[in-house]
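Just follow the structure's listing: the first ligand is 1, and inside any ligand the first atom is 1.
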Amino acid sequence: MIKVEDLSKTFGKTEVLSDISTQVNSGEVVSIVGPSGSGKSTFLRCLNLLETPSNGSVWIQDYEITNPKTNILKAREHIGMVFQHFHLFPHLTVIDNITYAPKQVKGETADQAETKAKSLLEKVGLTDKANAYPNNLSGGQKQRVAIARALAMEPEIMLFDEPTSALDPEMVNEVLDVMKDLAKSGMTMAVVTHEMGFAKEVADRVFFLDHGKLVEDSPPSTFFSKPETQRAQDFLEKIL
Ligand code: ADP
Ligand code: MG
């Protein structure tokens, strides 16, 4: 579903991603962990070309998104992304946030888009908030709307960049629960997170990034009990 070959990214003279190669299969959930500044966000953003890799290739299904000839807007329709700070449209109601792209980009009719949006709102437990504005929602509710909005484009892959890091602690689980359901439904997911419980319970693989290198790629049972590298051991000692 995702293939990355020799991916590097430099900002000026600083190399923030260094020669990363990996693959993610359909239906797999990968948790990406590592110290702050290790390149997790940059890696995720390279997967949908929000950052342009300096070197290497990225395939999303059959789209080689690093090939300049690829229609990147078309390719991006297959990839949903959820950010730490929600990025909802503040001037649109919840339902309009969700129907906007399906209508504008996919050409769905208002009826089609609304029917789907309502079923997504039910999925994320926010049926009663369809006509609310983002400013009147809690952080956890906003993030669940952001997830519903991404799903409305019917992506095959979902990328999450610290989706619970901006939330008050009591709201973290309502968002993680939605993500767990999504994982169970077979969605291919790459999740940058500090929620080690989620990584342990839900992820098929854990990627550990350090100084821009993918230094470990293991099942959570291995990563959390006997990480291969000293750097991962040091990281885990600090956070667990
Ligand atoms: P993480 O998400 O793991 O905290 P990032 O991917 O955000 O790490 O950042 C990796 C490194 O790249 C950091 O040193 C950061 O300062 C640098 N960086 C990220 N984005 C930019 C940018 N647009 N310009 C210059 N440096 C950047
Ligand atoms: Mg980050």
Side-chain angles (χ1 to χ4, degrees), residues 2-24 29-58 60 65-66 72 76 79-88 139-140 142-143 146-147 150 155 157-169 171-172 175-176 179 188-200 202-203 205-218 220 223-224 227-240:
I2 304 173
K3 188 163 101 180
V4 176
E5 251 178 37
D6 301 328
L7 171 68
S8 299
K9 174 69 183 173
T10 51
F11 288 113
K13 286 183 181 160
T14 319
E15 187 167 61
V16 299
L17 293 178
S18 174
D19 238 354
I20 295 182
S21 297
T22 189
Q23 291 194 37
V24 179
V29 177
V30 173
S31 276
I32 302 165
V33 305
S36 177
S38 57
K40 303 181 298 295
S41 295
T42 306
F43 177 67
L44 211 60
R45 293 164 63 83
C46 281
L47 298 183
N48 62 2
L49 230 61
L50 284 181
E51 296 288 358
T52 311
S54 310
N55 192 40
S57 323
V58 177
I60 298 291
I65 61 163
T66 38
I72 183 63
R76 270 202 200 117
I79 313 166
M81 183 145 183
V82 173
F83 303 88
Q84 185 176 355
H85 293 291
F86 326 124
H87 296 219
L88 296 174
K142 282 183 206 171
Q143 196 59 298
I147 294 171
I157 297 167
M158 285 283 285
L159 309 176
F160 294 86
D161 193 357
E162 299 200 28
T164 60
S165 295
L167 302 179
D168 291 332
M171 293 172 189
V172 168
V175 172
L176 291 180
M179 293 169 61
T188 307
M189 295 164 63
V191 185
V192 175
T193 185
H194 299 296
E195 293 293 329
M196 295 302 144
F198 178 86
K200 273 185 197 165
V202 184
R205 288 154 70 194
V206 178
F207 287 2
F208 175 68
L209 286 189
D210 191 54
H211 292 100
K213 292 198 166 65
L214 178 57
V215 292
E216 292 210 31
D217 169 359
S218 335
F223 181 76
F224 289 105
E228 285 166 27
T229 59
Q230 189 62 45
R231 286 187 282 185
Q233 286 174 29
D234 293 346
F235 172 76
L236 287 170
E237 266 167 34
K238 274 188 209 140
I239 56 157
L240 294 180

* With F208 as reference, evaluate F224, F235, F43 under the ring pair (Phe, Tyr, Trp, His ring centres under 6.0 Å) test and give the passing residue. => F235
* To do: Would you check the N or O atoms of E51, main chain and side chain alike, for any that come under 3.5 Å of an N or O of ligand 1?
  => no
* Compute the shortest N/O to N/O distance between G39 and ligand 1 and return yes if it is under 3.5 Å, no if not. => yes
* **Face-on cation placement of K9 at F11 ring, 6.0 Å and 45° thresholds** => yes
* Asked: Nearest protein heavy-atom contact for atom 17 (C) of ligand 1: which residue, which atom, what distance?
  -> V16 CG1, 3.9 Å
* **Any protein heavy atom < 4.0 Å from atom 21 (C) of ligand 1** => yes
* Is G37 in contact with ligand 1, taking contact as a heavy-atom separation below 4.0 Å? -> yes
* When you check the side-chain N and O atoms of T229 and E216, is any donor under 3.5 Å from an acceptor? -> yes
* Structure fact -> Ranked by distance from atom 23 (N) of ligand 1, the top protein heavy atom is F11 CE2, 3.5 Å
* Polar contact flag, side-chain donor to acceptor under 3.5 angstrom, T193-S31 -> no
* Would a 4.5 Å heavy-atom cut-off, applied to side chains only, mark T164 and F198 as touching? -> no
* Protein heavy-atom partner closest to atom 7 (O) of ligand 1 - residue, atom, separation in Å -> S41 CB, 3.7 Å
* Asked: Is the distance between the Mg ion (ligand 2) and the nearest N/O/S atom of S41 smaller than 2.8 Å?
  -> yes
* Is there a heavy atom of G212 sitting under 4.0 angstrom from any atom of ligand 1? -> no
* Asked: Side chains of V82 and M158: does their closest heavy-atom pair fall under 4.5 Å?
  -> yes
* **Side chain to side chain, M81 and D161, heavy atoms closer than 4.5 Å** => yes
* Asked: Would you call I157 and I2 a side-chain contact if the rule is heavy atoms closer than 4.5 Å?
  -> yes
* Structure fact -> One finds that the ligand 1 atoms under 4.0 Å from a non-hydrogen atom of S36 are 4 (O)
* Structure fact -> Among non-hydrogen protein atoms, atom 6 (O) of ligand 1 lies closest to T42 OG1, 2.5 Å
* Asked: With atoms numbered from 1 as shown, which atoms in ligand 1 lie under 4.0 angstrom from a non-hydrogen atom of P35?
  -> 3 (O)
